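Predicted model, so just to flag it, every value in this text is computed and none were measured. FYI, side chains are in, hydrogens and waters are out, and symmetry mates aren't considered; it's all heavy atoms of this structure. Throughout, residue positions are numbered sequentially from 1 according to the sequence presented.
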Amino acid sequence: MRVAVGILGGTFDPIHRGHLEAAASVADQLGLSTILLVPTGDPWQKTTHASREDRLAMTSLAAAESDVFTVSRVDIDRPGPTYTLDTLRDLREQYSEAELFFIVGADALAGLPSWRSPELLAEMATFVGVTRPGERFIDPDIAGLQVVRVDVPAVDVSSTQIRSRVAEGEPIDDLVPESVADYISSHRLYRESE
Ligand code: NAP
């Protein structure tokens, strides 16, 4: 039987409804049995605001929303900067029989040529470009890369917007699962303006 596993990597600082609904929609449309949510360790192209353990904890709380989600620690546990090449190597070992689908948003897909060893990435997984209404889908010019476009509903939320709402003392209840909102509040995350 074909086992198809989706992978959504992210800084998840914090994870939000946009991530979860896009991933669930991809699982539905492509018939994926599992979506691995993979928080990055040190995302070398971004600054993080919450620790890796806090980002992992929020991801685990969010994953409890649906049976399709599983959290993977591969990037959190690997020291040094997070490269998707290592993520896919580690997951290929754990899911040796599965077909792997690496899910990215339109901005991330456009930036793929700047990632480490894009031609090797192309051999390790099919890339899924989630495209929101009004977004341009750009298939990056990488030899051998297989990209599937999946249109997903718009969920107008970003991690940056959530952090600034928390810093301003505004509610975030519609933007993240309740358990994640409670975690952010009880651990006093994102209180400082950026
Ligand atoms: P992120 O900001 O937490 O976002 C995770 C994913 O969710 C991104 O693909 C993002 O696409 C998408 N997304 C965000 N908001 C969304 C919404 N409202 N609706 C639907 N989708 C939404 O994570 P990130 O920092 O971009 O990292 C993504 C992955 O790329 C990670 O696994 C990271 O390790 C990897 N990466 C690897 C390298 C490398 O290997 N050299 C370099 C950079 C990133 P958009 O960004 O398009 O919104």
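- The aromatic rings of Phe127 and Phe102 are tilted relative to each other, their planes meeting at an angle between 30° and 60°.
- Residue Asp42 is tested with Arg52, Arg78, Arg55 for a salt bridge (Lys or Arg N to Asp or Glu O under 4.0 Å); the sole match is Arg52.
- Following chains of ILVMFWY side-chain contacts shorter than 4.5 Å, one can reach Leu120 starting from Val147, so the two form part of one hydrophobic cluster.
- Applying the 6.0 Å contact sphere to CD of Glu170 captures more than 12 heavy atoms from other residues, nucleotides or ligands.
- Shown here is Glu192, whose CD atom has no more than 12 heavy atoms of other residues, nucleotides or ligands within 6.0 Å.
- The six-membered or imidazole ring of Tyr190 lies away from that of His49, with a centre-to-centre distance of 6.0 Å or more.
- When Val74, Leu85, Asp75 are each tested for a side-chain contact (heavy atoms from CB on, under 4.5 Å) with Asp90, only one passes: Val74.
- Atom CD of Gln94 has more than 12 neighbouring heavy atoms from other residues, nucleotides or ligands inside a 6.0 Å radius.
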Exercise for review: Report the C-alpha distance between Thr34 and Phe69 in whole Å, list the side-chain angles of each, state the deciding distance to 0.1 Å, and finish with yes or no for side-chain contact (heavy atoms from CB on, under 4.5 Å).
Suggested key: CA-CA 6 Å; Thr34 302; Phe69 297 129; over 6 Å; no
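- Crowding of Glu194 atom CD: a count of heavy atoms from other residues, nucleotides or ligands under 6.0 Å exceeding 12.
- Side-chain polar atoms of Ser25 and Glu21 form no donor-acceptor pair below 3.5 angstrom.
- Using a 4.5 Å cut-off between side-chain heavy atoms of Ile, Leu, Val, Met, Phe, Trp and Tyr, with links allowed through other members, Tyr95 and Leu8 fall into different hydrophobic clusters.
- Scored by the salt bridge (Lys or Arg N to Asp or Glu O under 4.0 Å) test, Asp151 finds Arg149 as partners (sequence neighbours excluded).
- Note that Arg116 lies in the cation-pi zone of Tyr83, set by a 6.0 Å cut-off to the ring centre and a 45° limit from the axis.
- The same ILVMFWY cluster, assembled from side-chain heavy atoms under 4.5 Å apart, contains both Leu37 and Val68.
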